[in-house]
Amino acid sequence: MPSLALPARRKVLMQGNEAIVEGAIAAGMRFYAGYPITPSTEIAELASEKLPRVGGRFVQMEDEIASMAAVVGASLAGRKAMTATSGPGFSLKQENLGYALTAEVPCVVVNVQRQGPSTGLPTSPSQGDVMQARYGSHGDYAAIALCPASVGEAYRLAVRAFNLAERFRMPVILLADEIIGHLRESVELPDPSELTVVDRARPTLPPGEHKAYRPGPDGVPVVPDFGTGYRFHVTGLIHGEDGSPTSNPKVVEQAVRRLTTKVTDHIDEIYEAEERDLADADVAVFAYGGTARAARRAVREARAKGLKVGLYRPITLWPFHDERVRAALQGRRAVVVPELNLGQMAREVERVAGAGTKVVRVNKVSGEPLTPGEILAAIEEVF
């Protein structure tokens with residue numbers, strides 16, 4: 001018989017991909033469907049090993065499209081569900097991701113980014129899916145994407161991704177990169193009793209009275225689990241409060257807008273960022289994910305040379321908090337934005353920092369990580 005007990009607080013050496021699985025299980029994940037793809041494969045391997053021990057289920061599907069569909073189905077049945085992928089696999093998941101957004105199905109999708117496009121360099125790091133995480137599905141909606149910069153944070157954000165998915169009834173993307181996925185660090189994992197774990201709201205009204213897609217005061221509906229006695233319709237079509245498709249312009253307008261406002265109205269609850277040495281900084285470095293590790297070192301070395309430099313690291317990439325980012329970056333002599341892409345997040349920084357702030361892009365798409373020296377050289381050029 002499998003053991004249903006999760007281990008107590010412990011200090012371990014583990015890989016980022018392993019930490020994601022540990023965090024997901026601690027958050028209550030009990031279903032995983034996926035298809036092996038580098039550099040996320042360890043997540044599927046470890047989920048297949050660990051889920052049965054806690055009464056969960058692992059299914060290797062025939063492809064990425066089916067994997068996402070299975071996750072949607074498991075979540076509708078009341079299980080916390082996750083899948084993980086990379087590169088072209090993330091592209092294949094987009095249609096069913098859009099379905100989950102419209103049907104308001106909570107789930108977590110991990111994307112361990114690799115160099116693309118297409119097959120690209122499967123074992124090399126990239127941050128090229130930043131915009132795909134926001135705009136990968138068609139239509140208007142808001143996205144939530146979290147970006148870890150350490151193994152310990154990969155664990156913590158896996159828990160938080162499930163909490164946000166359950167809270168706002170939507171897919172949440174954990175946007176890691178190959179650097180973090182394959183990095184090994186010593187991590188102190190908390191006792192599960194120390195974690196804050198959020199479960200989706202369940203109906204308080206009896207069947208026949210409850211409307212599955214009637215939004216609450218926070219804009220989030222309470223959709224019942226399949227098999228609990230409630231009769232309702234689930235569809236990717238625009239729908240009314242009972243889930244039935246509609247083309248009523250007023251209902252459609254409200255429904256589509258709500259997919260965005262249920263996130264943007266709560267941006268302060270969702271958004272998280274790290275700020276270091278910004279109080280007196282003439283120059284700010286804006287960096288995230290694996291690249292932020294090199295940026296921290298570059299900032300330390302710049303400070304050691306007497307240069308007033310600070311770091312702004314978004315942990316929540318989406319939604320992008322215009323006001324918070326503007327307050328942190330505006331008025332600096334320059335903002336240096338190192339990325340393993342050709343400037344995807346730099347465009348957002350340029351948009352909010354204003355015309356009076358110089359934005360310096362440091363981009364690399366060779367399949368190699370950015371080094372502290374490369375970032376430091378860009379910092380020194382603006383002084």
Side-chain angles (χ1 to χ4, degrees), residues 23 27 101 104 106-111 113 127 129-136 140-150 152-177 180 195-198 217-220 257-279 281 284-292 295-296 310-332 335 337 339 344-354 357 359:
L101 283 158
E104 299 186 80
C107 55
V108 173
V109 178
V110 182
N111 178 9
Q113 298 166 91
Q127 294 174 315
D129 301 347
V130 168
M131 286 298 169
Q132 188 182 23
R134 173 61 187 90
Y135 296 107
D140 288 295
Y141 61 93
I144 298 178
L146 311 178
C147 186
S150 69
E153 198 167 68
Y155 177 95
R156 182 179 70 82
L157 292 185
V159 175
R160 189 155 196 263
F162 272 99
N163 287 348
L164 291 170
E166 297 282 305
R167 164 75 176 87
F168 294 101
R169 288 207 63 96
M170 62 184 290
V172 171
I173 297 166
L174 186 55
L175 195 61
D177 53 57
I180 301 302
L195 296 173
T196 298
V197 174
V198 175
D218 59 358
V220 182
R257 285 185 180 275
R258 189 174 58 76
L259 294 179
T260 293
T261 57
K262 73 174 183 179
V263 173
T264 56
D265 285 353
H266 301 279
I267 190 168
D268 289 331
E269 178 183 343
I270 297 167
Y271 190 78
E272 185 180 356
E274 175 195 7
E275 298 185 17
R276 290 191 179 194
D277 298 318
L278 283 175
V285 178
F286 181 103
Y288 55 93
T291 300
R296 284 198 198 106
L311 174 69
Y312 187 90
R313 179 174 72 93
I315 298 169
T316 306
L317 286 187
W318 305 111
F320 194 85
H321 202 312
D322 289 14
E323 292 180 6
R324 285 273 302 273
V325 176
R326 184 178 295 114
L329 303 183
Q330 210 168 38
R332 311 289 177 184
V335 181
V337 187
E339 302 181 84
Q344 294 186 22
M345 193 55 77
R347 297 168 189 163
E348 296 296 298
V349 173
E350 289 167 346
R351 180 177 62 82
V352 302
T357 303
V359 176

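Numbers here are sequence positions counted from 1.
Contact between Gln113 and Asp129 at its shortest, heavy atoms only, is OE1-N, 3.0 Å. In plain terms, the two heavy atoms of Ala149 and Gly289 that are nearest each other are CB-O, 3.5 Å. Across all their heavy atoms, Ala165 and Cys107 have their closest contact at CB-O, 3.5 Å. In terms of heavy-atom proximity, Ala295 sits nearest to Val285 at CB-CG1, 3.9 Å. Across all their heavy atoms, His321 and Asp268 have their closest contact at NE2-OD1, 2.7 Å. Listed here is the closest heavy atom pair of Leu174 and Pro148: CD1-CD, 4.0 Å.
A donor-acceptor distance shorter than 3.5 angstrom exists from the side chain of Arg160 to the backbone of Ile270, with no hydrogens or angles considered. For Asn163 (side chain) and Val198 (main-chain N/O), a donor-acceptor pair under 3.5 Å exists by modelled atom type. Between the side chain of Arg169 and the backbone N or O of Val220, no donor-acceptor pair lies under 3.5 Å. Proximity of a side-chain donor or acceptor of Arg332 to a complementary backbone N or O of Leu278 within less than 3.5 Å is detected. For the pair His266 (side chain) and Asp218 (backbone), a donor-acceptor distance under 3.5 Å is present.
The structure places CZ of Arg347 at 9.0 Å from CD of Glu350, a figure rounded to the nearest 0.5 Å. Between atom CG of residue Leu317 and atom CD1 of residue Ile173 there is a gap of 10.0 Å, rounded to the nearest 0.5 Å. For the atom pair OG1 of Thr264 and CG of Leu259, the computed distance is 11.0 Å after rounding to the nearest 0.5 Å. We find the CG-OG1 distance between Leu329 and Thr357 to be 7.5 Å, quoted to the nearest 0.5 Å. Rounding to the nearest 0.5 angstrom, the gap separating the CD atom in Glu274 from the OH atom in Tyr288 is 15.5 Å. Here the CZ atom belonging to Arg326 is positioned 7.5 Å from the CZ atom belonging to Arg351, to the nearest 0.5 angstrom.
Looking only at side-chain heavy atoms (C-beta outward), Glu153 and Ile315 come within less than 4.5 Å of each other. Inter-residue side-chain proximity for Val325 and Glu348 is flagged as unmet; no heavy-atom pair is nearer than 4.5 Å. With contacts defined as side-chain heavy-atom distances shorter than 4.5 Å, the pair Arg296/Arg313 qualifies. Taking the side chain as every heavy atom from C-beta outward, Glu269 and Arg167 approach each other to under 4.5 Å. Between Tyr271 and Pro314, some side-chain heavy-atom pair lies under the 4.5 Å cut-off. Residues Glu339 and Gln344 meet the side-chain proximity criterion, which asks for heavy atoms closer than 4.5 Å.
The residues Glu272 and Arg156 are annotated as salt-bridged, a charged nitrogen and a carboxylate oxygen being separated by less than 4.0 angstrom.
Shown here are the side chain to side chain contact (heavy atoms under 4.5 Å, CB included) partners of Arg258, two or more places apart in sequence or in another chain: Glu104, Pro215, Pro221, Thr261, Lys262. Shown here are the ring-ring contact (aromatic ring centres under 6.0 Å, His included) partners of Phe320, two or more places apart in sequence or in another chain: there are none.
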**Criterion side chain to side chain contact (heavy atoms under 4.5 Å, CB included) on Val197 and Phe162, from CA distance to verdict** = CA-CA 8 Å; Val197 174; Phe162 272 99; over 6 Å; no
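A cation-pi contact, defined as under 6.0 Å to the ring centre and within 45° of the axis, links Arg134 to Tyr141.
Applying side chain to side chain contact (heavy atoms under 4.5 Å, CB included) to Leu146 and the options Leu175, Leu157, Val108 leaves one that passes, Leu157.
Heavy atoms from other residues, nucleotides or ligands lying under 6.0 Å from CD of Glu275 number more than 12. The number of heavy atoms from other shown groups lying within 6.0 Å of CZ (Arg257) does not exceed 12.
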